[in-house]
Amino acid sequence: MNKGINGKILEVNLSTGHIKTVALPESYYTQYFGGRGLGMRLLYDYLPGKGVDALGEDNPLLFVPGMLCGYPLPSASRSCMVTKSPMTSPVNPKHANGSTISYSNMGGFIGPEIKFAGYDAIVFTGVSEAPVYLLVEDDQVSLRPADKFWGMGTDAFDKAIIDELGDRRFETAYIGPGAENGVLFGSVINTAARAAGRGGTGTVMGSKKLKAIAVRGTKMPEIANIAAYNNLLEQIRLSFAADSESKTDWRYGGTANALQYSSDRGSQAVKNYSEGSFANISKINADAARKSVWKRDFACYACHLACKKSGFAKGAYGGVVHEGIEYETGTMLGANLLVDDLNALNKMIEIADDYGIDIISLGNVLGFLMECHEKALINLEFLDGIDLKWGDADSVIAMIHKIGKCEGIGKEASKGVKHLASLIGSDSSDFAIHVKGHELAAWNVQGYAKSNGKSYTLANRGACHMNGGEPGRQDQAALRDTIGICSFAASWYRDEMHPRHFIAAVTGTEMSEEQYNQTGERIYNLEKMLNLREGFGRADDVLPERFFKDGHTYGPHKDEVLKKTDFKEMMDSYYAERGWDVATTIPKDEKLNELDLDFVVL
């Protein structure tokens with residue numbers, strides 16, 4: 001497999017300033033491809049052992065483009081950031097700093113540019129004494145001082161770094177003051193509108209005093225069989241052209257299309273997940289945004305969908321909207337908090353993005369505090385005088401600033417709902433919506449336990465709606481993150497346009513569908529083994545008590561709750577299907593040998 005890969009990674013030691021290229025064994029590419037898969041294999045190599053402090057110098061941080069990232073393929077521009085999570089912790093800790101693996105997927109343009117510069121990954125180790133950014137121009141790589149940028153919001157920095165470099169052809173990824181200040185759910189931003197938001201990858205970056213990476217490459221990836229590649233490319237372009245409904249829907253509303261859909265079917269996170277439908281969803285849905293805010297649709301590298309939106313909001317919360325509402329942001333800061341003012345919602349998203357903090361976790365924290373306040377478990381003094389209540393956009397904005405700055409109550413809130421519940425007590429943990437310390441996304445569980453509930457419970461990074469509930473779907477999700485294909489376009493890559501055919505055309509290496517699928521299973525099991533090494537077990541695979549006790553009071557799934565006996569049976573069946581021990585969830589030796597993971601030691 002000597003085509004389609006660069007064969008080397010860039011290793012940057014921030015403690016010493018030493019930078020070098022490292023060649024990887026061919027087996028790393030044949031068995032893990034790129035993106036999330038290659039990132040996990042490298043994470044295993046670079047972690048010195050178990051119980052490493054996620055915010056310490058021994059935790060590596062990896063930028064890993066998907067294997068097909070950089071080729072002009074529709075919606076194949078995604079890359080993964082991989083590290084050890086600063087957010088998660090096991091129920092029964094074996095190590096002071098035990099936490100899960102973390103990966104966060106990001107589109108945009110940074111992944112392709114890393115490939116153009118000649119690298120299959122960038123690995124950061126150590127911690128810099130002062131703020132720096134990494135500058136990459138093909139083989140010319142250096143660390144530059146970033147003191148003057150430290151504390152700068154993501155919007156201002158996005159402009160300032162290009163002014164400093166004097167060349168708009170550089171692609172950048174960076175953190176905001178939230179991650180710098182230690183908000184555990186800090187994100188990494190690319191081109192102002194794309195975020196590697198989940199799992200605190202930005203916080204790890206901030207702990208290393210790494211403000212940004214700026215990359216410009218001039219090398220085009222090689223293709224082993226150009227005739228086969230062009231034939232596949234033409235087929236998939238025609239497939240997209242024929243898929244008029246998908247094309248129209250994504251360009252019209254992006255993921256915000258799901259706001260109305262999810263509310264109607266009772267699967268939305270509303271009022272801290274106590275309800276599944278939002279009565280005022282029509283005020284903040286895609287139709288409302290298209291009518292009054294959005295002016296422009298824009299896309300990631302080589303993508304036809306153009307699902308990102310920008311525009312201009314009016315009124316008291318007016319201003320330029322860099323990234324319009326999406327399903328997750330619109331739900332977590334809108335429906336989940338009962339906020340129905342579209343302009344206010346856009347302002348809340350803008351402020352959170354400027355701090356560089358994950359809006360999914362942020363919305364969970366705010367909803368949890370609102371419910372605690374409503375139930376008189378906390379008072380105004382606890383909230384630093386902010387009268388945080390349902391539907392009050394001004395109090396939400398005030399609290400976002402507190403969290404982004406880690407000031408007062410914001411310092412405690414910046415650690416997530418698991419921490420807040422341990423601080424507040426009084427059974428508040430029942431409605432602290434997280435798995436393993438990682439907050440749930442915007443899809444509710446009541447009525448959808450076999451899909452959403454299992455997806456959240458079994459995700460290796462902690463609660464993840466993109467994980468899938470069944471082994472096959474989980475393996476395919478891992479493969480998408482590994483290859484770099486956006487899940488929104490996955491339906492095009494099937495049958496004669498299956499990703500393995502693109503891999504064969506690019507690399508010259510043929511593989512069967514069984515070999516391809518086994519790669520996804522290998523990645524998922526490696527992640528599981530890394531988590532087991534950190535002290536996670538069956539006791540950690542559990543949903544919040546809310547979903548077993550509190551039914552919705554209205555909507556399609558009124559009064560439904562998940563039964564613990566049913567949940568246990570679902571988990572038992574899953575572990576057995578995976579080839580894991582049902583009691584311990586440890587993969588059996590024959591499974592590890594089958595997947596060539598016998599080298600992984602607990």
Side-chain angles (χ1 to χ4, degrees), residues 9-15 32 34-66 78-90 95 97-106 110-111 114 119-128 134 173-175 178-180 182-190 195-213 356-358 361 416 436-438 459-464 478 481-482 523 526-531 533-534 536:
I9 64 173
L10 189 64
E11 182 184 294
V12 182
N13 187 319
L14 293 165
S15 295
Y32 300 95
R36 175 175 159 188
L38 181 60
M40 288 302 160
R41 185 62 180 87
L42 292 171
L43 181 67
Y44 182 83
D45 288 348
Y46 277 91
L47 277 173
K50 47 194 167 186
V52 166
D53 182 359
L55 300 179
E57 63 179 359
D58 288 333
N59 187 25
L61 176 68
L62 301 97
F63 286 73
V64 196
R78 302 190 72 82
S79 56
C80 247
M81 294 193 64
V82 175
T83 189
K84 188 170 177 279
S85 177
M87 298 180 63
T88 54
S89 58
H95 319 287
N97 296 303
S99 65
T100 64
I101 54 92
S102 185
Y103 58 87
S104 196
N105 200 261
M106 175 167 56
I110 189 67
I114 292 172
Y119 307 102
D120 297 315
I122 302 176
V123 182
F124 292 96
T125 63
V127 172
S128 177
L134 182 74
Y174 41 85
I175 59 172
E180 297 170 14
V183 177
L184 289 189
F185 39 93
S187 58
V188 180
I189 306 291
N190 169 226
R198 305 249 62 201
T201 51
T203 312
V204 174
M205 193 166 164
S207 73
K208 294 184 175 300
K209 292 290 192 294
L210 178 65
K211 179 67 177 181
I213 65 171
I357 51 182
D358 173 31
S361 285
K436 302 178 180 70
H438 193 238
N460 288 319
R461 69 177 179 181
C464 172
D481 291 346
T482 293
I523 295 163
L526 176 58
E527 294 173 348
K528 175 66 175 177
M529 291 297 289
L530 283 164
N531 282 355
R533 189 173 75 168
E534 291 290 311
F536 291 87

Trainee: So, taking the atom named CG in D358 and the one named CE in M87, what distance separates them when rounded to the nearest 0.5 Å?
Mentor: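 Here the interatomic distance stands at 7.0 Å.
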Trainee: Are the side chain of K436 and the backbone N or O of S89 linked by a donor-acceptor pair below 3.5 Å?
Mentor: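 No; judged by distance alone, with no hydrogens or angles, the pair does not exist.
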Trainee: Quick check: do L42 and V82 have side-chain heavy atoms less than 4.5 Å from each other?
Mentor: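 When only atoms from C-beta onward are counted, V82 and L42 do not touch, as no gap falls below 4.5 Å.
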Trainee: Determine the minimum heavy-atom distance between V64 and G39, stating which atoms define it.
Mentor: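 Looking at all heavy atoms of both residues, the closest pair is CG2-CA, 3.9 Å.
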Trainee: Is the backbone N or O of I101 less than 3.5 Å from a side-chain atom of S85, with the two atoms forming a donor-acceptor pair by type?
Mentor: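 Checking the backbone N and O of I101 against the side chain of S85, no donor-acceptor pair under 3.5 Å is found.
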Trainee: Could you check whether any side-chain heavy atom of P86 comes within less than 4.5 Å of a side-chain heavy atom of V204, counting everything from C-beta outward?
Mentor: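 Touching, per the 4.5 Å side-chain cut-off.
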Trainee: Output the distance between atom CG (N460) and atom OG1 (T100), rounded to the nearest 0.5 Å.
Mentor: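 N460 atom CG to T100 atom OG1 measures 8.5 Å (nearest 0.5 Å).
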Trainee: Give me the atom names and distance for the closest heavy-atom approach of G35 to C80.
Mentor: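 Smallest heavy-atom distance, with atoms named: C-CB, 4.0 Å.
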Trainee: Taking side chain as C-beta onward, heavy atoms only, is T125 less than 4.5 Å from E57?
Mentor: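 They are not in side-chain contact.
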Trainee: Any side-chain heavy-atom pair from E11 and Y46 closer than 4.5 angstrom?
Mentor: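 Yes. Closest side-chain heavy atoms under 4.5 Å.
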Trainee: Any heavy-atom pair between the side chains of I213 and I114 that's under 4.5 Å?
Mentor: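 Of all side-chain heavy-atom pairs linking I213 with I114, at least one is under 4.5 Å.
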Trainee: K208 and P60: which non-hydrogen atoms are nearest, and at how many Å?
Mentor: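 Of all heavy-atom pairs spanning K208 and P60, the closest is CE-C, 4.4 Å.
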Trainee: So does G206 get a backbone contact from the side chain of E180, meaning a donor-acceptor N/O pair under 3.5 Å?
Mentor: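 Such a contact is absent between E180 side chain and G206 backbone.
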Trainee: Which residue is it: L10, L134, L62? I am looking for the one with a side chain to side chain contact (heavy atoms under 4.5 Å, CB included) to F124.
Mentor: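 When side chain to side chain contact (heavy atoms under 4.5 Å, CB included) is applied between F124 and each of L10, L134, L62, only L134 qualifies.
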Trainee: Which pair of heavy atoms, one from S15 and one from G126, lies closest together, and at what distance?
Mentor: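 Looking at all heavy atoms of both residues, the shortest contact is OG-CA, 3.2 Å.
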Trainee: Between F63 and A173, which heavy-atom pair has the shortest distance, and what is it?
Mentor: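 Nearest pair, atom of F63 first, then A173: CE2-CB, 4.1 Å.
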Trainee: Do the side chains of R461 and E527 get close enough for a salt bridge, i.e. N-O under 4.0 angstrom?
Mentor: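 Judged by the 4.0 Å cut-off on N to carboxylate O distance, R461 and E527 do not form a salt bridge.
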Trainee: With rounding to the nearest 0.5 angstrom, report the CE to OG distance, M81 to S104.
Mentor: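 It comes to 7.5 Å.
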Trainee: First locate atom CZ of R533, then atom NZ of K528, and finally report the distance between them rounded to the nearest 0.5 Å.
Mentor: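 Between atom CZ of R533 and atom NZ of K528 there are 14.5 Å.
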Trainee: So how far is it from S187 OG to I357 CD1, rounded to the nearest 0.5 Å?
Mentor: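 Going from the OG atom of S187 to the CD1 atom of I357 covers 8.0 Å.
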Trainee: Roughly how far, to the nearest 0.5 Å, is the CG atom of L526 from the CZ atom of R41?
Mentor: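 Separation between the atoms: 7.5 Å.
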Trainee: For H438 and G199, work out which heavy atoms get closest and say how close.
Mentor: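 Minimum heavy-atom contact is NE2-N, 3.3 Å.
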Trainee: Is it the case that the side chain of S128 and the backbone of K209 share a donor-acceptor pair, with hydrogens and angles ignored and the cut-off at 3.5 Å?
Mentor: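 Not confirmed, S128 side chain does not pair with K209 backbone.
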Trainee: Is it the case that S102 and R198 place a side-chain donor and acceptor less than 3.5 Å from each other?
Mentor: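 Looking only at side-chain atoms, R198 and S102 do not form any donor-acceptor pair under 3.5 Å.
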Trainee: Do the side chains of M40 and Y32 get nearer than 4.5 Å, heavy atoms only?
Mentor: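 No, their side chains stay 4.5 Å or more apart.
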Trainee: Looking at T201, T203, N59, which hits side-chain hydrogen bond (donor to acceptor under 3.5 Å, both in side chains) with T83?
Mentor: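 One option only clears the test, and that one is N59.
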Trainee: With side chain to side chain contact (heavy atoms under 4.5 Å, CB included) as the test, pick out the partner of Y174 among L210, I189, N190.
Mentor: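 It is I189; the other options fail the test.
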